[in-house]
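See below for the structure under consideration.
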There are 2 protein chains.
Amino acid sequence: MTQGRRTIMLVDDHAVVREGYRAVLEKQPGLKVIAEAGDGAEAYRLYKEKRPDLVVMDLTMPGIGGIEAIRRIRQWDPDARILVFTMHQNAAFAVQAIRAGARGYVTKTSPPEALVRAVADVFAGKVALSPDIDHELALSRLAEETVAADVLTAREFEVLRLLLAERTADEIAALLHISPKTVANLHYLIKTKLGVGSDIELVRLALRQGLLTQMEIGAS
Amino acid sequence: MTQGRRTIMLVDDHAVVREGYRAVLEKQPGLKVIAEAGDGAEAYRLYKEKRPDLVVMDLTMPGIGGIEAIRRIRQWDPDARILVFTMHQNAAFAVQAIRAGARGYVTKTSPPEALVRAVADVFAGKVALSPDIDHELALSRLAEETVAADVLTAREFEVLRLLLAERTADEIAALLHISPKTVANLHYLIKTKLGVGSDIELVRLALRQGLLTQMEIGAS
DNA sequence: GCGACGTCGGGAAATTTGCCCGGCTTCTCC
DNA sequence: GGAGAAGCCGGGCAAATTTCCCGACGTCGC
């Protein structure tokens with residue numbers, strides 16, 4: 001990266017929203033938007049081609065999501081600077097993003113200046129978190145909600161995904177070549193491990209943890 | 001409204017996103033953004049103060065949501081032109097918005113030109129729907145999914161809300177001063193009326209129909 | 001080889017679900 | 001004012017599921 005001219009790539013599936021990022025960022029001297037992508041796959045491809053100094057990335061996108069895009073880009077270039085800018089004011093998402101290799105997490109509810117400041121912070125080597133996410137993370141620390149991906153085994157996680165996909169116990173049993181009884185046992189075990197009493201709580205916990213995004217809901 | 005100078009109010013809880021709308025719309029000669037609001041209550045207040053010729057409105061916002069804001073504005077000014085511009089590519093939302101009095105529904109995934117065209121269509125007296133919403137509505141017509149708000153009685157709807165709020169049957173019974181048995185019966189009746197087999201399907205249907213927005217999920 | 005752990009499922013009691021019923025109130029329409 | 005429809009409430013009971021226990025098997029690390 002040259003010092004005087006920092007290049008940026010924007011990743012968001014909404015073209016009009018990218019227009020907003022661009023307007024805000026290009027008001028800053030020394031920042032230049034050189035690429036835009038509408039989904040994770042395009043982001044990865046364009047990153048390799050354009051080598052921007054920083055990526056501003058949304059999380060919820062069709063196809064390959066933001067988290068996976070971060071992982072891929074960081075695998076290809078471990079020094080990549082990626083700043084997540086999303087609507088999800090959600091500690092679970094922030095944790096996932098940072099673990100995947102993001103250098104910051106700012107919510108879209110923040111004033112535009114916050115984005116500008118976060119960009120500067122990332123260039124300065126700091127981890128940029130907006131105040132509301134600080135707060136969310138603090139709360140989640142206190143709540144100590146069990147993280148599904150951490151406590152569940154691979155098999156349990158798979159059954160959970162299928163349950164959330166509106167499969168009946170019998171369908172899952174047939175799919176996995178196990179007895180319906182085992183599915184029932186796993187279902188029970190999952191609820192126990194996650195400290196959840198009903199299926200309704202289970203779905204809501206899954207939503208909070210991003211296991212099921214609102215996007216997928218329609219695609220039943 | 002004067003012919004040469006059409007005034008617009010933007011409503012969206014994300015400041016950066018409003019920046020995008022503004023950039024796209026003000027490129028058009030004859031359009032001028034004269035107000036911005038970040039939630040439904042502010043939108044209603046500002047509408048009365050500024051009397052814009054058109055409102056571009058998001059749906060999911062903190063506090064008073066977009067649907068309710070549309071209702072209020074239209075009650076105060078039955079001729080108000082309101083165009084919904086949202087990320088929700090969801091037939092149920094579109095139906096609610098149009099019923100509340102919106103003159104159009106465009107999703108944020110549409111190219112920026114689609115927004116410009118929709119604005120022009122609304123000014124021309126047409127109902128503006130983006131192609132993906134046309135498609136969603138067509139599908140929903142074929143699927144004929146039961147609409148919770150239509151088929152459920154008030155009591156049933158109330159129980160449904162409480163169930164979704166992660167209350168146990170016993171809590172609901174105590175809250176409504178009825179027997180747990182009745183709650184169980186209502187729970188069963190709700191699932192029957194909505195043509196749903198499990199609680200998981202029930203939650204997902206509620207999400208599709210906007211009874212439970214992703215925003216609320218965290219606030220358990 | 002031995003303990004820890006994940007996977008798979010049987011068994012049995014406890015609970016919930018699915019579906020029926022009848023009684024009660026309210027509202028409408030004649 | 002009476003007949004009928006529709007909503008609300010809850011008992012009853014068989015069937016199904018959930019809950020919790022158990023043992024068997026494979027595999028991995030030490």
Side-chain angles (χ1 to χ4, degrees), chain A residues 99 144-209 211-212 220, chain B residues 99 144-209 211-212 220:
Chain A
R99 281 189 192 164
E144 286 178 22
E145 180 173 88
T146 315
V147 179
D150 287 351
V151 299
L152 297 185
T153 65
R155 198 57 156 174
E156 286 156 2
F157 202 76
E158 191 174 8
V159 171
L160 174 55
R161 277 197 317 100
L162 291 168
L163 284 169
L164 294 174
E166 293 185 8
R167 307 308 190 96
T168 67
D170 288 335
E171 283 174 334
I172 297 175
L175 211 60
L176 301 182
H177 304 292
I178 58 182
S179 118
K181 174 65 185 173
T182 302
V183 176
N185 278 334
L186 285 172
H187 187 172
Y188 167 69
L189 199 59
I190 290 166
K191 290 205 285 182
T192 304
K193 279 195 177 181
L194 297 181
V196 133
S198 69
D199 281 346
I200 290 178
E201 282 182 76
L202 185 65
V203 178
R204 293 188 53 155
L205 182 137
L207 279 164
R208 270 201 300 280
Q209 303 200 359
L211 269 53
L212 187 66
S220 58
Chain B
R99 282 189 191 163
E144 287 177 20
E145 179 172 89
T146 315
V147 179
D150 287 351
V151 300
L152 298 185
T153 65
R155 196 58 156 177
E156 286 156 3
F157 202 75
E158 192 174 8
V159 171
L160 174 55
R161 277 197 316 100
L162 290 168
L163 284 169
L164 294 175
E166 292 185 11
R167 308 307 190 95
T168 67
D170 288 335
E171 283 174 335
I172 297 175
L175 211 60
L176 301 182
H177 305 294
I178 57 181
S179 118
K181 174 63 186 174
T182 301
V183 176
N185 277 335
L186 285 172
H187 188 170
Y188 166 68
L189 199 58
I190 289 166
K191 290 206 285 183
T192 304
K193 279 195 177 181
L194 297 180
V196 133
S198 69
D199 281 346
I200 290 178
E201 282 182 76
L202 185 65
V203 179
R204 294 189 53 155
L205 181 136
L207 279 164
R208 269 202 299 280
Q209 304 201 359
L211 270 51
L212 189 66
S220 56

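Worth saying up front: this structure is predicted, and the values here are computed from it rather than measured. A, B, ... follow the sequence lines: proteins, then strands. Residue 1 opens every chain.
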Rounded distance (Å) that lies between atom [atom2] of [N] and atom [atom1] of [X]:
{"X": "A:Ile190", "N": "C:dT7", "atom1": "CD1", "atom2": "P", "result": "10 Å"}
{"X": "A:Leu189", "N": "D:dT18", "atom1": "CG", "atom2": "C1'", "result": "13 Å"}
{"X": "B:Leu186", "N": "D:dC9", "atom1": "CG", "atom2": "P", "result": "7 Å"}
{"X": "B:Leu202", "N": "C:dT16", "atom1": "CG", "atom2": "P", "result": "17 Å"}
{"X": "A:Leu163", "N": "D:dT18", "atom1": "CG", "atom2": "P", "result": "10 Å"}
{"X": "A:Asp199", "N": "D:dT19", "atom1": "CG", "atom2": "P", "result": "8 Å"}
{"X": "A:Leu160", "N": "C:dT7", "atom1": "CG", "atom2": "P", "result": "13 Å"}
{"X": "A:Glu158", "N": "C:dT7", "atom1": "CD", "atom2": "P", "result": "10 Å"}

Closest heavy-atom contact between [X] and [Y]?
{"X": "B:Leu202", "Y": "B:Val196", "result": "N-CG1, 3.7 Å"}
{"X": "A:Thr153", "Y": "A:Lys193", "result": "CG2-NZ, 4.0 Å"}
{"X": "A:Ser179", "Y": "A:Ala173", "result": "C-CB, 3.9 Å"}

Please confirm whether the backbone N or O of [Y] pairs with a side-chain atom of [X], one donor and one acceptor, at under 3.5 Å?
{"X": "B:Thr182", "Y": "B:Ile178", "answer": "no"}
{"X": "A:Arg155", "Y": "A:Leu186", "answer": "no"}
{"X": "A:Gln209", "Y": "A:Ala206", "answer": "no"}
{"X": "A:Arg204", "Y": "B:Leu164", "answer": "yes"}

Among [options], the one nearest [X] by side-chain distance:
{"X": "B:Glu156", "options": "D:dC8, D:dG11, D:dT18", "answer": "D:dC8"}
{"X": "A:Lys191", "options": "D:dG12, D:dT19, C:dT7", "answer": "D:dT19"}
{"X": "B:Arg155", "options": "C:dG9, D:dC8, D:dC20", "answer": "D:dC8"}
{"X": "B:His187", "options": "C:dC20, C:dT17, D:dC20", "answer": "C:dT17"}

Any side-chain N or O of B:Thr153 under 4.0 Å from OP1/OP2 of D:dC8?
->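 B:Thr153 to D:dC8 OP1/OP2: side-chain N or O found under 4.0 Å.
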
With DNA chain D as reference, determine whether A:Tyr188 or A:Asp170 sits nearer its 5' end, using the nearest nucleotide of each.
->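 Its nucleotide being nearer the 5' end, the pick is A:Asp170.
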
DNA chain D contacts made by residues 171-180 of chain A, counting heavy atoms under 4.0 Å =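 Output list: empty, so none.
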
Are side-chain heavy atoms of A:Leu189 and A:Leu152 found at a separation under 4.5 Å?
->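 SC-SC contact between A:Leu189 and A:Leu152 ruled out.
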
Can you find a pair of side-chain heavy atoms, one from B:Leu205 and one from B:Lys191, that are under 4.5 Å apart?
->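 B:Leu205 vs B:Lys191: side chains apart.
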
For the helix from C:dG1-D:dC30 to C:dC30-D:dG1, how many degrees between its two end axes (five pairs per end), to the nearest 10°?
->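 Taking five pairs per end, the axes differ by 40°.
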
Checking only heavy atoms, does the side chain of A:Asn185 share a donor-acceptor pair with the base of C:dC8 at less than 3.5 Å?
->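 There is none.
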
Under 3.5 Å, is there an N or O donor on one side and an acceptor on the other linking the side chain of B:Lys181 and the base of C:dT15?
->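 By the distance-only test, no, there is no pair.
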
Reported OG1-to-NE2 distance for the pair B:Thr192 and B:His187, which is rounded to 0.5 angstrom =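 Going from OG1 on B:Thr192 over to NE2 on B:His187, the span is 10.0 Å.
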
Between A:Thr182 and A:Lys193, name the one whose nearest nucleotide on DNA chain C is closer to the 5' end.
->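 Checking each residue's closest nucleotide, the 5'-ward one belongs to A:Lys193.
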
